A.B. asks: 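I have a structure here, written as structure tokens, and I will follow up with some questions on it.
Treat the numbers as computed from the prediction; the structure is a model and nothing was measured.
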Amino acid sequence: MIGPSGVRARPHPWWTPVRLLLAAAVVASLVTVLRSVPCATGDDAAWWDPPRDQTLLCANDLPRDYVDLGLAEGVLPLADEGGRHQPSDLSAPVATLAWGTAAVARTLRGGDTAGRDDVPLETLSERPDVRGEALAYTALATLLQLLAFWLVVALVARVVRREEAAERSVLGGGRGPLVPSRLWWLAAPPVLVVGGLAGWSMVPVALAVAGFVAWRSRRPVLAGVLCGVALASAGLALAVLVALVAVVLRVAGAVATRVLASTFVTWIVLTTAAFVLTGGESSAALTQALTAGRGPRTTWGLLAAVGVSPEPGRVGLLSAVGWLLVLVLVVGLGQVRRWSIDPAALVVVSLAGLVTVSTVDLPAQGLWLLPFVVLAHRGPTAVRDIGLWQLAEVLAHLTGAWQAAGATVAIDGSDPLAVVGLLLRLAATWWIAWRVVRASTRDDRPARLPADQPVVS
């Protein structure tokens, strides 16, 4: 199943490669869900008991957000409730999805929002009926994200197999493996099993990947709409937009240009509508990112640990400048004429740069990077490289959880293990980005076609 197929090999009539990978993804998803069951059950469920949730690797924003963001009271997405609820860091599309999911959960549980707005949030979060609704909300949100994850696996698997088959036809090779080995890392990623789905991150990832695959398949309008919705849903989707700009500047292809235009139009329409409908509250996430200061599990938190501690407002400004520099760097990288860089590799470099200069903790950065790493890293060491990077991500997740729980804090308040974990994560992120770029620009491979002239099997 992993090695190359012989000339007389006959594939199974039902177990196609994509179905095999989806089966592995379902198993990994079941393990992820089953691992979180003890976190949600019992009178002392860890989900509602920080920092014990971090100690038991149960941290999940979804059940607490059900109360903290006003979902239990049916508050409209991003509505201003006079400071009763925490400022939402959700984008308008994701907040709308969360609101709809919460409404379905309340309907299933027979919940009633009447009178809840007069109850203190601490009391409301301890009511059995509200906790039951929060469990239903978390279950529905997890199911939606697992569906998005399976969609990502199917899309990436089809693209990778199609492109590798095209390369073998050019090189005159054999049939190759039934399932390219690196795809198994995507189907059963350790970062998913260990870290779980603690928020709504997988939905924007699926939108960005689907948009990128549609671009590869010469469907510019569909690609632009998907990328635009992804960009309106999560700032990290900007990485795909950067790759588009780099390709347009280099080859001026009609397809890439139309994708870029469609992306901008979709993003502008969505952000304008959200700003008008919410009375400006949709910009709260951006404002919070610029003014919240440094997160403990960020590069800025690492600098603070070694004595470099800029003011919160200045940190936001420096982060914005860093994002701009990353965009310029990646666009410039795409213009190097002696290289034929896969646009997926440009997305990986963009993501690596964006998560490096971010002011907020991004526990889902591994889920953002993984599909594009698998798409771009076609070198002979891809399986080993992705495995080592995933190991570093898991170790960094563990040290981050221990830091949040205070388990590794020394008497003087320092946390050397957390610093080591953060350094490991940064180093591993840039190392896999370097390996992807190196594999994408090897001279002994057939030249890749521009993204707007994809190989068609």
A.B. asks: Using 0.5 Å steps for rounding, measure from the CG atom of Leu183 to the CG atom of Leu20.
C.D. replies: 11.0 Å
A.B. asks: Under the side-chain contact (heavy atoms from CB on, under 4.5 Å) rule, what do Arg425 and His397 come out as? Steps first, then yes or no, please.
C.D. replies: CA-CA 9 Å; Arg425 189 180 203 186; His397 176 78; over 6 Å; no
A.B. asks: Looking at every heavy atom in both Ala256 and Val247, which two are closest together, and how far apart are they?
C.D. replies: CB-CG1, 4.0 Å
A.B. asks: Is there a donor in the side chain of Trp323 and an acceptor in the side chain of Ser358, or the other way round, less than 3.5 Å apart?
C.D. replies: no
A.B. asks: First locate atom CG of Asp61, then atom CG of Leu197, and finally report the distance between them rounded to the nearest 0.5 Å.
C.D. replies: 11.5 Å
A.B. asks: Starting from the C-alpha separation in whole Å, work towards a yes-or-no answer on side-chain contact (heavy atoms from CB on, under 4.5 Å) for Thr399 and Val419.
C.D. replies: CA-CA 9 Å; Thr399 58; Val419 172; over 6 Å; no
A.B. asks: Indicate yes or no for a side-chain donor-acceptor contact from Gln335 to the backbone of Ala246 under 3.5 Å, with no hydrogens or angles considered.
C.D. replies: yes
A.B. asks: Any luck finding a side-chain donor-acceptor pair between Thr113 and Arg106 under 3.5 Å?
C.D. replies: no
A.B. asks: For the CH2 atom of Trp267 and the CG atom of Leu238, what is their distance to the nearest 0.5 Å?
C.D. replies: 9.0 Å
A.B. asks: Could you tell me the separation between the CG atom of Leu244 and the OG1 atom of Thr257, rounded to the nearest 0.5 Å?
C.D. replies: 9.0 Å
A.B. asks: Does any non-hydrogen side-chain atom of Leu22 lie less than 4.5 Å from one of Val18?
C.D. replies: yes
A.B. asks: For the atom pair CG (Leu231) and CG (Leu207), what is the distance rounded to the nearest 0.5 Å?
C.D. replies: 11.0 Å
A.B. asks: Taking the side chain from Trp389 and the backbone from Trp431, do they hold a donor-acceptor pair closer than 3.5 Å?
C.D. replies: no
A.B. asks: Arg35 side chain to Leu57 main-chain N or O, any donor-acceptor pair under 3.5 Å?
C.D. replies: yes
A.B. asks: Please determine which of Val326, Val328, Leu327 meets the side-chain contact (heavy atoms from CB on, under 4.5 Å) test together with Val330.
C.D. replies: Val326
A.B. asks: Are side-chain heavy atoms of Pro190 and Glu393 found at a separation under 4.5 Å?
C.D. replies: no
A.B. asks: Can you tell if the side chain of Pro371 reaches within under 4.5 Å of the side chain of Val205, non-hydrogen atoms only?
C.D. replies: yes
A.B. asks: Ignoring hydrogens and angles, tell me if any N or O in the side chain of Thr266 forms a donor-acceptor pair with the backbone of Thr263 under 3.5 Å.
C.D. replies: no
A.B. asks: Looking only at heavy atoms, which two atoms of Leu71 and Ala102 are closest? And how far apart?
C.D. replies: CB-CB, 3.8 Å
A.B. asks: Do Val33 and Leu146 have side-chain heavy atoms sitting under 4.5 Å apart?
C.D. replies: yes
A.B. asks: For the residue pair Arg216 and Leu375, what are the closest heavy atoms and their distance?
C.D. replies: NH2-O, 4.4 Å
A.B. asks: Side-chain contact test, heavy atoms from C-beta onward, threshold under 4.5 Å: evaluate it for Arg435 versus Leu388 and give yes or no.
C.D. replies: no
A.B. asks: Flag the pair Arg438 and Asp385 as a salt bridge only when some basic side-chain nitrogen lies within less than 4.0 angstrom of an acidic carboxylate oxygen.
C.D. replies: no
A.B. asks: I'd like to know if the side chain of Arg182 reaches the main chain of Ile386, judged simply by a donor and an acceptor atom lying under 3.5 Å from each other, with no hydrogens or angles considered.
C.D. replies: no
A.B. asks: How close do Ala433 and Ala352 get, heavy atom to heavy atom, and via which atoms?
C.D. replies: CB-CB, 4.2 Å
A.B. asks: Tell me, please, which residues at least two apart from Asp68 pass salt bridge (charged side-chain N to carboxylate O under 4.0 Å, His left out).
C.D. replies: none
A.B. asks: Would you find more than 12 non-hydrogen atoms of other residues, nucleotides or ligands less than 6.0 Å from Arg158 atom CZ?
C.D. replies: no
A.B. asks: Among residues two or more places apart or on two chains, list those pairs meeting ring-ring contact (aromatic ring centres under 6.0 Å, His included) that have a residue in residues 193-212.
C.D. replies: Phe212-Trp215, Phe212-Phe372
A.B. asks: Please list, chain by chain and in numerical order, all residues satisfying ring pair (Phe, Tyr, Trp, His ring centres under 6.0 Å) with Tyr137, sequence neighbours excluded.
C.D. replies: Tyr66
A.B. asks: Does the side-chain contact (heavy atoms from CB on, under 4.5 Å) test come out yes or no for Leu346 and Leu333, once each step is laid out?
C.D. replies: CA-CA 8 Å; Leu346 295 177; Leu333 183 64; 4.1 Å; yes
A.B. asks: Hey, are the side chains of Gln365 and Leu351 touching, using non-hydrogen atoms and a 4.5 Å cut-off?
C.D. replies: no
A.B. asks: If we ignore hydrogens and angles and just use 3.5 Å, is the side chain of Thr299 paired with the main-chain N or O of Thr356 as donor and acceptor?
C.D. replies: yes
A.B. asks: Quick one: closest heavy-atom pair of Ala208 and Val240, and the distance?
C.D. replies: CB-CG2, 4.2 Å
A.B. asks: Flag the pair Leu369 / Thr429 as yes when at least one side-chain heavy-atom distance between them is below 4.5 Å, and no otherwise.
C.D. replies: yes
A.B. asks: Should Gln145 and Leu62 count as side-chain neighbours, where that means a heavy-atom distance under 4.5 Å?
C.D. replies: yes
A.B. asks: Should Gln403 and Gln54 be marked as a side-chain contact (heavy atoms from CB on, under 4.5 Å) after you check the CA-CA gap, both sets of side-chain angles, and the distance that decides it?
C.D. replies: CA-CA 9 Å; Gln403 178 189 21; Gln54 296 284 355; over 6 Å; no
A.B. asks: When you check the side-chain N and O atoms of Trp47 and Ser36, is any donor under 3.5 Å from an acceptor?
C.D. replies: no
A.B. asks: Would you give the length of the straight line joining atom CG of Asn60 to atom OG1 of Thr142, rounded to the nearest 0.5 angstrom?
C.D. replies: 6.5 Å
A.B. asks: Indicate the atoms forming the closest heavy-atom contact of Ala187 with Phe149, along with that distance.
C.D. replies: O-CZ, 3.5 Å
